[in-house]
2 protein chains.
Amino acid sequence: MRRAVKARAGHTSEGTLERLEALCRERGQRLTRQRRAVLRKLAAERRALSAYELLARLRPEDGRSTPAGVYRALEFLMEAGVVHRLESTRSFILCEHPDAPHGGQLLICRVCGQVVEAEDEPVAAATGRLGERLGFSLDPRVLELTGVCARCRARSAAH
Amino acid sequence: MRRAVKARAGHTSEGTLERLEALCRERGQRLTRQRRAVLRKLAAERRALSAYELLARLRPEDGRSTPAGVYRALEFLMEAGVVHRLESTRSFILCEHPDAPHGGQLLICRVCGQVVEAEDEPVAAATGRLGERLGFSLDPRVLELTGVCARCRARSAAH
DNA sequence: CGCCGATTGATACAATGTATCATGTTACGA
DNA sequence: TCGTAACATGATACATTGTATCAATCGGCG
Ligand SMILES: [Zn+2]
Ligand SMILES: [Zn+2]
Ligand SMILES: [Zn+2]
Ligand SMILES: [Zn+2]
């Protein structure tokens with residue numbers, strides 16, 4: 001548990017903060033206390049959090065947090081490409097590859113909630129070809145795949 | 001316009017009703033007036049409708065329709081595999097391949113809202129391999145891809 | 001300091017989805 | 001045909017998720 005958190009937090013500091021600072025310079029925006037706080041809460045989880053779960057974690061530290069504020073911070077972080085929104089669960093998760101905006105795939109375990117991020121070239125190529133075949137120019141986009149992770153499968157096999 | 005509606009409606013009668021009747025026999029359920037009505041409204045559209053858009057279309061014919069009723073009908077139709085839910089837009093659309101439950105892909109034009117359904121083997125194979133590589137046993141699942149369809153691209157190119 | 005754009009706070013509201021329980025409907029067997 | 005049990009609906013209230021608005025505040029800069 002401790003390790004998972006540290007891995008996430010470590011990950012965050014590597015590319016995410018640089019990316020955010022670059023974006024702020026570029027656009028005259030600011031990496032504020034509130035935005036950092038939302039980022040920190042997401043970095044402390046291996047699973048995705050809903051906006052209201054985030055709000056509940058923020059309030060003890062800052063009693064004036066509001067839904068609108070959380071959504072605004074999330075919008076900022078998503079535009080910066082360092083947070084993904086999981087449409088299938090209406091929740092948000094830290095990007096594991098924040099070096100550049102990207103498509104990719106999120107594999108979500110429906111038992112334990114764990115999310116793993118991938119950037120699989122064969123999948124990207126196949127969807128690209130499908131788009132061409134049907135005349136669509138597709139947006140880069142993070143695909144959501146649900147299933148059961150290895151650990152949960154092992155656990156359920158052992159009863 | 002007329003033609004699009006008829007194509008959809010024609011499609012519906014082919015496989016969808018059989019499939020619903022089979023499912024009802026199997027499970028002791030019923031293909032009721034309300035469920036048929038929701039199906040009919042979805043069949044009349046080439047784009048996806050939200051639950052509340054459906055409700056607005058149902059009310060003139062049946063003033064007692066309620067959100068809960070619409071969601072119950074949609075749940076039934078989704079379990080039967082003849083309606084898909086678009087998570088990216090929180091809306092619902094008739095399945096174009098209702099012969100059997102399936103994964104597949106929905107290509108959604110973000111300009112005109114048109115949705116095209118595909119069952120692309122290369123995409124399915126690539127995602128399956130990705131799942132294996134990361135130890136996930138993936139659920140069959142309809143992927144949502146957004147972009148711009150050929151017609152809308154042509155239109156915007158011509159200003 | 002005093003300005004200006006970016007950000008937040010506060011509040012209210014919109015949109016989407018669910019729980020509950022009483023009532024109605026249908027298939028099926030006595 | 002009638003009773004009845006399972007299935008389905010109506011009505012209502014509520015929960016969750018997401019936005020709009022506008023005034024107040026912050027932070028850098030001349
Ligand atoms: Zn990412
Ligand atoms: Zn798991
Ligand atoms: Zn389908
Ligand atoms: Zn289009």
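Quick caveat, the model's predicted, so the values are computed rather than measured. Chain identifiers are assigned alphabetically (A, B, ...) following the order of the sequence lines, protein sequences preceding nucleic acid strands; residue numbering begins at 1 within each chain.
Legend: residues meeting side chain to side chain contact (heavy atoms under 4.5 Å, CB included) with B/A68, ordered by chain and number and at least two apart, are B/T66, B/R72. Scanning for side chain to side chain donor-acceptor pair (under 3.5 Å) contacts around A/R133 gives B/D120, with sequence neighbours left out. A/R25 pairs by the side chain to side chain donor-acceptor pair (under 3.5 Å) definition with nothing, not counting sequence neighbours. Here B/R35 pairs with nothing under the side chain to side chain donor-acceptor pair (under 3.5 Å) rule; sequence neighbours left out. Residues passing the side chain to side chain contact (heavy atoms under 4.5 Å, CB included) test with B/Q34, sequence neighbours excluded: B/T32. For A/S91, the side chain to side chain donor-acceptor pair (under 3.5 Å) test picks out A/T89, with sequence neighbours left out.
Between the P atom of C/dT8 and the CG atom of A/L31 lies a distance of 10 Å, rounded to the nearest Å. Going from atom CG of A/L74 over to atom C1' of C/dT7 covers 15 Å, rounded to whole Å. Atom CD of A/Q29 and atom C1' of C/dC4 are 16 Å apart (whole Å). Between B/F76 atom CZ and C/dT18 atom P the separation is 18 Å, expressed in whole Å. Taking atom CG of residue B/L49 and atom P of nucleotide C/dA15, one finds them 16 Å apart after rounding to whole Å. The distance between atom CG of B/L54 and atom P of C/dA15, rounded to the nearest whole Å, is 16 Å. B/R36 places its CZ atom 15 Å from the C1' atom of D/dA8, with the value rounded to the nearest Å. For A/E75 and D/dT19, the CD to C1' distance is 10 Å, given to the nearest whole Å.
Contact record, B/R19 with B/A80: NE-O, 2.9 Å, taken as the closest heavy-atom pair.
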N/O donor to acceptor pairs below 3.5 angstrom from side-chain atoms of residues 142-149 of chain A, sequence neighbours left out:
unit_1	atom_1	unit_2	atom_2	d
A/E144	OE1	A/E87	N	3.3
A/E144	OE1	A/S88	N	2.9
A/E144	OE1	A/S88	OG	2.6
A/E144	OE2	A/E87	N	2.7
A/T146	OG1	B/D139	OD2	3.0
A/T146	OG1	B/R141	NH1	3.4

Can you pull every protein N or O that's under 3.5 Å from an N or O on nucleotides 27-29 of chain D?
none

Check nucleotides 11-18 of chain D against the protein and report each pair of N or O atoms closer than 3.5 Å, with its distance, or say if there are none.
unit_1	atom_1	unit_2	atom_2	d
D/dG18	OP1	A/R85	NH1	3.0
D/dG18	OP1	A/R85	NH2	2.5
D/dG18	OP2	A/Y71	OH	2.6
D/dG18	O5'	A/Y71	OH	3.2
D/dG18	N7	A/Y52	OH	2.9

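Remark: A/Q34 is in phosphate contact with C/dG9, judged by side-chain N or O atoms under 4.0 Å from OP1 or OP2.
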Would you please test A/H97 and A/E119 for side chain to side chain donor-acceptor pair (under 3.5 Å) and show each step?
CA-CA 9 Å; A/H97 307 146; A/E119 279 182 87; 3.0 Å; yes

